Amino acid sequence: MNSEAAILEVNQVSKTFKTKNFAGKVKHVVSAVSDVSFTLPARKTFGIVGESGCGKSTLARLILRLIESDGGAIHYKDRDLLKLSKSQFNDYRKDIQMVFQDPYSSLNPKMTLLDNVAFSLWVNGASKAEGRKQAYRYLDAVGIPRSFAERYPQMLSGGQRQRVAIARALVLEPKILIADEAVSALDKSIQAQVLNLFRELQQEFHLSMIFISHDLNVVQMMSDEVMVMYLGMVVEQGPADQIANNPYHPYTQALFNSAPSMEVGKRKLDDFRLIGELPSPLNPPSGCRFRTRCPFATESCASRMPQRVEVEPGHFVSCVLYPEVGSERRAM
Ligand SMILES: Nc1ncnc2c1ncn2[C@@H]1O[C@H](COP(=O)(O)OP(=O)(O)O)[C@@H](O)[C@H]1O
Ligand SMILES: [Mg+2]
């Protein structure tokens, strides 16, 4: 583990989904998350980026145990969350909260904003009055005027609704907040306001954050450390500034090159853009999963998994372009 105190350690977590046909036979196997490990330092933001379908939400759902992992461990407060029974996990459940892309689905349209925020406190045993008192505090914190408290979610703009969803996540005083595409549905100007809000709330409530987006600009801006995923696998991971200034993996470079209005980031290969569709996760390419879209791919990429190599301190890349130091010597 690194020197910064870790609040959460995800260790070799994997998830395959099996879809069955009418006869109950396994029809497809989707490798959604494959052997993913990372550490979330306390009060920092860990960013996860990759195209849609790369396994980001599945990873978040594994951490929250909304789905069960095929293996591995997730350490929090000296416990392996994956080994806890469902009822034991409930004691930890409120420490990890999530904000989703679509607040329509997370807010109850039949409840006022105030009651939407108070609801999880009521479920946890608070009185009606106490729940509402706390809820006001959190509506204040996210910048929703008290005069809005009796309105309903559908009366709000997208940005306001997302603020209420954030208040709802914070009211249980979580230690970890997972934002999964939390600003992806918002206009650019509103996006910036909500991103600033996340930053302020992180300071105010001492949050550790996992910030997930398909948008490298946004992840880069928000995160201390960034993990780049491709078809369920981690291809590159490191301090956010190193990933921006010196991206190693061809996929990370392609993401930077494809990002509109990307200001930071050394464009190593100006004409290298991401082309073609993401291959089907039902049948991912052998060896390196990125090889079918990689201009540097050679035959060997099809036959072996690239090793994870530390290219700079704390900066890891899984690509045969960067052989392990000393591996040539070992081969002799
Ligand atoms: N419940 C499920 N059953 C079958 N396949 C799933 C399920 N959930 C996700 N997947 C598949 O897993 C892959 C990763 O999905 P997801 O984690 O949602 O990616 P992302 O959040 O990066 O867009 C996709 O191919 C998706 O279709
Ligand atoms: Mg997703």
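Since the structure is predicted, the reported quantities are computational estimates derived from the model, not experimental observations. Indexing begins at 1, ligand by ligand and atom by atom, following the structure's order. We use all heavy atoms of the structure for the numbers below, so side chains are in, but hydrogens, waters and symmetry mates are not.
- At the top of the distance list for atom 9 (C) of ligand 1, counting protein heavy atoms only, stands Phe17 CE1, 3.5 Å.
- Protein heavy atom at the shortest distance from atom 26 (C) of ligand 1 is Val30 CG1, 4.9 Å.
- Applying the side-chain hydrogen bond (donor to acceptor under 3.5 Å, both in side chains) test between His214 and each of Lys56, Glu51, Glu181 identifies Glu181 as the sole match.
- In the model, Arg291 has a side-chain atom that pairs as donor or acceptor with a side-chain atom of Ser286 under 3.5 Å.
- In terms of polar-atom proximity, defined here as any N/O pair under 3.5 Å, Pro281 makes no such contact with ligand 1.
- Here the heavy atom of the protein found nearest to atom 22 (O) of ligand 1 is Lys56 NZ, 2.8 Å.
- Taking every heavy atom of Cys54 and a limit of under 4.0 angstrom, the matching atoms of ligand 1 come to 19 (O), 20 (P), 22 (O).
- If you check the side chains of Asp215 and Ser184, you find no donor sitting under 3.5 Å from an acceptor.
- Every atom of ligand 1 with a heavy atom of Ser52 under 4.0 Å away is listed here by number and element: 23 (O).
- Protein heavy atom closest to atom 18 (O) of ligand 1, with residue, atom name and distance, is Ser57 CB, 3.8 Å.
- Ranking protein heavy atoms by distance to atom 19 (O) of ligand 1, first place goes to Gly55 N, 3.1 Å.
- Residues Thr252 and Glu236 bring a donor and an acceptor atom of their side chains to less than 3.5 Å of each other.
- By the 6.0 Å and 45° rule, Lys133 does not stack over the aromatic ring of Tyr136.
- For atom 16 (P) of ligand 1, the closest non-hydrogen atom on the protein side is Thr58 OG1, 3.6 Å.
- At distances below 3.5 Å, not a single donor-acceptor pair connects side-chain atoms of Arg43 with backbone N or O atoms of Leu207.
- Of the protein's non-hydrogen atoms, Ala32 CB, 3.3 Å is the one closest to atom 12 (O) of ligand 1.
- The minimum heavy-atom distance linking Asn246 with Glu312 is given by the pair ND2-OE2, 3.7 Å.
- By the 6.0 Å and 45° rule, Arg308 stacks over the aromatic ring of Phe316.
- Side-chain contact, Ser57 with Asp180: a donor N or O sits under 3.5 Å from an acceptor N or O.
- An N or O contact shorter than 3.5 Å links Gly53 to ligand 1 by distance.
- Ligand 1 has no N or O atom lying under 3.5 Å from any N or O atom of Thr19, backbone or side chain.
- At a cut-off of 2.8 Å, Thr58 does not coordinate the Mg ion (ligand 2) through any N, O or S atom.
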